[in-house]
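What follows is a single structure, written as structure tokens, with notes after it.
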Amino acid sequence: MINCEQASTICNKKQYQEASLLEQIKLSLHLMFCKACSSFSRKNRKLTILCNKADLQILSEQEKIKMKETIERSS
Amino acid sequence: MVSISNKMTENKLNPDSWVDQYADYLFNYAVARVSDAEIAKDLVQETFLAGLKSAKNFQGAAAERTWLIAILKRKVIDYYRKINSKKGKAEVRITYSNQSDSAGDWLEENVADPFSTLENDEIENEELGQAIQECISKLPKKQSAVFVMKTIRGLSTEDICNELGINPSNLWVMVHRARTSLMGCLNENWFKL
């Protein structure tokens with residue numbers, strides 16, 4: 001059996017498709033008994049869905065470096 | 001005068017960390033409004049420069065982020081003014097609702113209604129994106145770096161560990177903290193959708 005801390009780590013890994021099959025089985029077993037982790041797991045999955053839906057845009061590292069240089073030059 | 005502002009200043013400006021902390025947040029805001037990544041990038045850059053110039057006028061009454069977004073708002077308005085004078089007509093990209101027969105205050109009618117299911121997905125996703133970016137910008141620096149690399153840039157655990165010089169269990173602890181903070185920070189309305 002796994003504890004809640006291990007369960008949450010597996011749950012996080014699962015959000016990035018990095019949980020192994022064995023880990024996933026351990027997690028689902030744990031979730032059957034643990035209410036707190038079930039609720040965390042639901043919210044965590046929802047957060048993943050929200051992040052995907054939002055189609056977040058970020059600046060590339062190069063663009064940020066350029067920005068920093070421009071700021072430094074004018075400060 | 002100085003001593004007063006010092007006493008009141010819980011909010012200080014830290015131009016050195018602006019890009020790391022706010023560039024993505026401001027960029028999302030701008031992209032949603034000008035619908036062009038290049039222009040949005042320029043607006044963010046201009047915002048930082050304008051911020052530097054007027055940094056001495058910063059009273060500390062608002063949080064740094066709020067202050068920068070206020071500058072960016074004006075930059076967006078200026079941008080539309082400029083193309084307006086160039087082309088001789090404004091290209092307003094405000095999304096009006098389709099119900100043209102609605103009477104009353106435009107602003108009031110356009111306030112986001114958390115109970116409405118009629119909003120179109122695009123507006124909703126735009127707001128969602130800003131809400132998430134705002135929450136990310138409130139995270140401690142390392143957590144936000146890890147979260148962004150993992151979730152938005154989609155890098156592998158190994159690459160992130162190499163780049164930041166941490167081990168995988170560190171990484172998952174930071175991912176966990178970031179995700180927990182985000183769940184708390186995002187308005188619970190988003191979780192009901």
Side-chain angles (χ1 to χ4, degrees), chain A residues 2-27 30-31 34-75, chain B residues 15-20 23-28 30-32 37 40-41 44-46 48-49 51-53 55 121 124-133 136 147-157 163 168-169 171-173 175-176 178-180 182-184 186 188 190-193:
Chain A
I2 53 172
N3 62 30
C4 291
E5 201 185 320
Q6 290 165 317
S8 67
T9 302
I10 297 173
C11 179
N12 289 324
K13 283 184 180 170
K14 210 176 150 189
Q15 307 309 315
Y16 302 96
Q17 282 85 44
E18 289 183 32
S20 68
L21 189 63
L22 182 63
E23 282 178 323
Q24 291 192 46
I25 293 168
K26 283 179 184 168
L27 175 65
H30 181 89
L31 292 184
C34 183
K35 264 193 178 171
C37 287
S38 304
S39 144
F40 173 78
S41 168
R42 253 197 317 278
K43 281 187 114 180
N44 210 1
R45 195 168 55 234
K46 186 74 210 188
L47 181 65
T48 302
I49 295 169
L50 288 176
C51 285
N52 290 338
K53 220 173 91 178
D55 185 26
L56 297 167
Q57 312 240 17
I58 50 164
L59 292 160
S60 71
E61 285 309 303
Q62 292 101 303
E63 284 169 330
K64 284 187 187 168
I65 290 167
K66 250 199 243 162
M67 274 191 182
K68 279 185 198 166
E69 285 167 358
T70 316
I71 290 175
E72 250 167 55
R73 249 182 283 132
S74 59
S75 62
Chain B
D16 293 340
S17 65
W18 279 356
V19 174
D20 287 327
D24 288 331
Y25 171 60
L26 297 173
F27 180 65
N28 254 267
V31 139
K41 196 182 79 190
V44 172
Q45 178 79 77
E46 283 174 32
F48 286 141
L49 295 180
L52 268 185
K53 245 190 224 167
D121 281 352
E124 205 167 86
N125 290 349
E126 207 170 88
E127 286 175 359
L128 173 62
Q130 272 154 39
I132 295 176
Q133 287 286 5
I136 292 176
F147 182 80
V148 166
M149 286 168 113
K150 197 96 196 88
T151 314
I152 307 179
R153 289 169 66 193
L155 297 178
S156 74
T157 303
E163 201 172 322
S169 61
L171 178 139
W172 289 112
V173 167
V175 166
H176 181 71
R179 295 187 75 92
T180 316
L182 289 182
M183 288 175 207
L186 280 176
E188 58 184 36
W190 291 115
F191 283 92
K192 279 187 220 142
L193 289 177

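Every chain is numbered from 1, with letters handed out A, B, ... down the list of sequences.
No other option in B:Gln133, B:Lys41, B:Gln130 has as many heavy-atom pairs under 4.5 Å with chain A as B:Lys41. Annotation: maximal heavy-atom pairing with chain A below 4.5 Å, among B:Val31, B:Leu186, B:Val148, B:Thr157, occurs at B:Thr157. Taking A:Glu72, A:Lys66, A:Glu5, A:Glu61 one by one and counting their heavy-atom pairs under 4.5 Å with chain B, the maximum is reached by A:Glu61.
Residues B:Thr151 and A:Leu56 form no side-chain contact, since every pair of their non-hydrogen atoms from C-beta on lies 4.5 Å or further apart. By the 4.5 Å heavy-atom criterion applied to side chains, A:His30 and A:Asn3 are not counted as neighbours. With contacts defined as side-chain heavy-atom distances shorter than 4.5 Å, the pair A:Phe40/B:His176 qualifies. Between B:Phe147 and B:Leu182 the shortest side-chain heavy-atom distance falls below 4.5 Å. Considering only heavy atoms from C-beta on, B:Asp24 stays 4.5 Å or farther from B:Ile136 through its side chain. Here the side chains of A:Cys34 and A:Cys4 are in contact, with some heavy-atom distance below 4.5 Å.
For B:Thr180, the part sitting under 4.5 Å from any heavy atom of chain A is the side chain, from C-beta outward, and nothing else. Both the backbone and the side chain of B:Lys150 come within contact range of chain A, judged by heavy atoms closer than 4.5 Å. With a 4.5 Å cut-off on non-hydrogen atoms, A:Thr48 touches chain B through its backbone and its side chain both. If you measure heavy-atom distances from B:Val173 to chain A, you find no contacts under 4.5 Å at all. Contacts between A:Glu63 and chain B at a heavy-atom distance below 4.5 Å involve the side chain alone, from C-beta outward.
Of all non-hydrogen atoms in B:Ala131 and B:Trp190, the two that sit nearest each other are CB-NE1, 3.8 Å. B:Leu52 approaches B:Pro15 most closely through the heavy-atom pair CD2-CB, 3.8 Å. In terms of heavy-atom proximity, A:Ser38 sits nearest to A:Leu31 at OG-O, 2.9 Å.
Proximity to chain B at a heavy-atom threshold of 4.5 Å picks out A:Gln15, A:Tyr16, A:Glu18 from residues 14-25 of chain A, in numerical order.
One finds the CZ atom of B:Arg153 at 6.0 Å from the CD1 atom of A:Ile58 (value rounded to the nearest 0.5 Å).
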